[in-house]
Chemist: 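Dropping a structure here in structure tokens format, bear with me for questions.
Every chain is numbered from 1 and lettered A, B, ... according to where its sequence line falls, protein lines coming before strand lines.
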Protein chains: 2
Amino acid sequence: MNVMLFSNGKIAGNTQILEYGFEWIAPMIEKTQAKKLVFIPYAVIRGSYDERTEQVQQSFAQFDCEIVGIHTCDNPVKAIEEADGVVISGGNTWVLNRELHDNGLIAAIRKAVLKQDKLFIGWSAGTNVATPTIRTTNDMPIISAAILPALNLVPFQINPHYIDGSISGHMGETRDERIEEFLVMNPSEVVVGIPEGTMLQVEGEQLTYHSANSKPLKLFRHQSEAVTFAPQEDVQFLMDEGI
Amino acid sequence: MNVMLFSNGKIAGNTQILEYGFEWIAPMIEKTQAKKLVFIPYAVIRGSYDERTEQVQQSFAQFDCEIVGIHTCDNPVKAIEEADGVVISGGNTWVLNRELHDNGLIAAIRKAVLKQDKLFIGWSAGTNVATPTIRTTNDMPIISAAILPALNLVPFQINPHYIDGSISGHMGETRDERIEEFLVMNPSEVVVGIPEGTMLQVEGEQLTYHSANSKPLKLFRHQSEAVTFAPQEDVQFLMDEGI
């Protein structure tokens with residue numbers, strides 16, 4: 001596997017998408033010799049697929065590899081089969097996941113990533129769909145047809161854009177309370193909160209955590225205190241967790 | 001109809017659930033002569049049904065009416081049929097809606113509220129399920145079986161706990177952006193954001209908006225600027241909107 005799961009697209013000061021992760025992406029592109037990446041903009045609701053594709057092309061221009069918007073391909077499955085990797089944008093997780101299913105891309109991407117070790121890069125909603133299900137998305141379920149199973153590239157649930165703060169005076173559930181609710185209903189599972197500016201990487205079977213701002217990963221289990229892990233700490237055990 | 005849809009349970013300074021709405025609830029209980037209200041705690045995930053039921057019993061003690069937890073009734077449908085009204089707690093909207101469906105309560109509550117004019121009081125998740133679908137919930141979809149259609153007591157989507165602020169530096173979508181995404185996918189619908197400390201009431205066919213803190217209701221339409229309405233302003237047209 002060569003999988004990079006980013007919390008989000010941009011952090012403060014970034015002008016380009018994934019700018020905070022360029023230094024992590026460069027060696028993975030070199031290692032996998034990826035020349036052609038299929039870009040999936042299905043999560044983009046505000047703004048156009050073309051516009052988001054252009055932004056990603058600008059971000060990846062420095063890596064000397066081609067970015068092709070899947071919406072411009074006649075056959076999306078074939079596009080995955082012929083590419084060296086897959087890049088999935090953030091946006092709305094519900095719409096993204098439905099489109100992946102409706103276009104027959106779940107099996108195609110799983111085969112490409114798990115069997116052929118093609119590069120997979122996702123952020124935000126693109127990270128949510130890399131987990132077993134989208135049950136730990138932050139997004140509003142804006143469409144009638146809700147599909148929860150996702151790509152299941154890693155065996156644990158991720159909560160991207162993880163934040164432990166809340167707006168002063170607001171009485172709605174905090175993120176930690178929402179994750180606690182998830183664990184009450186799913187006590188055998190774990191949830192990994194990754195703050196903005198961070199990334200989980202799987203190379204082969206090796207899981208590592210990267211942070212552009214030293215923010216730790218936060219691991220939630222049922223009826224346990226959440227545990228934080230700094231970027232240099234060992235999180236390999238997570239690959240044996242989950243469903 | 002005698003329907004009261006609260007944004008949330010408590011605002012700053014409240015010690016009891018719905019304390020900020022006691023003055024609005026009192027005349028509705030008197031008018032409907034409600035003596036026995038069935039309380040539905042299915043949304044409660046952190047904490048117990050009994051505990052939440054006791055809290056609501058304490059809140060309603062002043063109104064001289066009985067609060068019966070539906071989880072203590074042998075036959076939930078019969079409990080709705082024999083009661084003078086229904087009270088639905090906040091918590092997780094996904095779990096609540098699934099339990100309403102699984103216990104056969106959708107038709108039972110619709111009949112009680114729409115045909116028999118029984119009192120309906122909901123807050124937060126309890127308000128989400130009073131709309132056509134739960135597509136404008138803020139809650140995490142923590143269970144595998146996602147059911148989106150809900151009680152459809154009012155013909156428009158509500159976003160409870162509505163807030164227009166965000167946490168400084170956080171790059172995740174704002175509430176307004178999430179609602180904008182909803183409207184891109186559902187351009188013929190409207191979304192009504194109700195801030196904490198506010199309530200929408202339907203008496204007969206008459207819709208009114210109430211606020212304990214002067215915060216306005218915010219109406220979102222596709223490709224339009226959101227419009228705010230103060231508590232004294234006419235929002236009756238909303239009853240002709242939606243699906």
Chemist: Can you name the nearest heavy-atom pair linking Ile179(A) to Met140(B), along with the distance?
Modeler: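 Between these two residues, the closest heavy atoms are CG1-CE, 4.2 Å.
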
Chemist: Run Leu217(B) and Leu200(B) through side-chain contact (heavy atoms from CB on, under 4.5 Å) and show every step you take.
Modeler: CA-CA 9 Å; Leu217(B) 169 160; Leu200(B) 278 167; 3.7 Å; yes

Chemist: Would you please name every residue forming a side-chain contact (heavy atoms from CB on, under 4.5 Å) with Ala230(B), sequence neighbours left out?
Modeler: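 Checked Ala230(B) against side-chain contact (heavy atoms from CB on, under 4.5 Å); matches are Gln232(B), Glu233(B).
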
Chemist: Could you report the tightest heavy-atom contact between Ile88(B) and Phe39(B), atom names first, then the distance?
Modeler: C-CE1, 4.4 Å

Chemist: Is Ile167(A) in contact with chain B via its backbone, its side chain, both, or neither, using a 4.5 Å heavy-atom distance?
Modeler: both

Chemist: Check the pair Val192(B) / Val154(B) against side-chain contact (heavy atoms from CB on, under 4.5 Å), numbers first and verdict last.
Modeler: CA-CA 11 Å; Val192(B) 176; Val154(B) 293; over 6 Å; no

Chemist: Heavy-atom distance under 4.5 Å to chain A: side chain of Ile11(B), backbone, both or neither?
Modeler: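 Contact with chain A involves the backbone of Ile11(B) alone.
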
Chemist: I need the residue from Gly91(A), Gly90(A), Pro149(A), Ala145(A) with the largest number of non-hydrogen atom pairs under 4.5 Å to chain B.
Modeler: Gly91(A)

Chemist: Which atoms of Leu183(A) come close to chain B, meaning under 4.5 Å heavy atom to heavy atom: side chain ones, backbone ones, both, or neither?
Modeler: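 Answer is neither: Leu183(A) stays 4.5 Å or more from chain B.
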
Chemist: Tell me the closest heavy-atom pair linking Phe120(B) and Ala130(B), and the distance in Å.
Modeler: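 So the two residues come closest at CE2-CB, 4.0 Å.
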
Chemist: Could you check Leu37(A) against Val56(A) for side-chain contact (heavy atoms from CB on, under 4.5 Å), going step by step and ending with a plain yes or no?
Modeler: CA-CA 11 Å; Leu37(A) 298 173; Val56(A) 174; over 6 Å; no

Chemist: Most heavy-atom pairs under 4.5 angstrom with chain A, which of Ile163(B), Val184(B), Ile134(B)?
Modeler: Ile163(B)

Chemist: Please look at Ile143(B) and chain A and tell me whether the side chain, the backbone, both or neither of the residue comes under 4.5 angstrom of a heavy atom of that chain.
Modeler: both

Chemist: Taking all non-hydrogen atoms of both residues, which atom of Ile106(B) and which atom of Ala150(B) are closest, and how far apart?
Modeler: CG2-O, 4.2 Å

Chemist: For the atom pair CZ (Phe60(A)) and CD1 (Ile67(A)), what is the distance rounded to the nearest 0.5 Å?
Modeler: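 Result: 5.0 Å between the selected atoms.
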
Chemist: Report every donor-acceptor pair between chain B and chain A with a separation under 3.5 Å, backbone and side chains included.
Modeler:
| from | atom 1 | to | atom 2 | distance (Å) |
| --- | --- | --- | --- | --- |
| Asn92(B) | ND2 | Glu181(A) | OE1 | 3.1 |
| Asn138(B) | O | Arg178(A) | NH1 | 3.3 |
| Asp139(B) | OD1 | Arg178(A) | NH1 | 3.1 |
| Ile142(B) | O | Asn186(A) | ND2 | 2.7 |
| His170(B) | ND1 | Glu196(A) | OE2 | 3.3 |
| Met171(B) | N | Glu196(A) | OE1 | 2.9 |
| Met171(B) | N | Glu196(A) | OE2 | 2.9 |
| Gly172(B) | N | Glu196(A) | OE2 | 3.0 |
| Arg178(B) | NH1 | Asn138(A) | O | 3.3 |
| Arg178(B) | NH1 | Asp139(A) | OD1 | 3.0 |
| Glu181(B) | OE1 | Asn92(A) | ND2 | 3.1 |
| Asn186(B) | ND2 | Ile142(A) | O | 2.8 |
| Glu196(B) | OE1 | Met171(A) | N | 2.8 |
| Glu196(B) | OE2 | His170(A) | ND1 | 3.3 |
| Glu196(B) | OE2 | Met171(A) | N | 2.9 |
| Glu196(B) | OE2 | Gly172(A) | N | 3.0 |

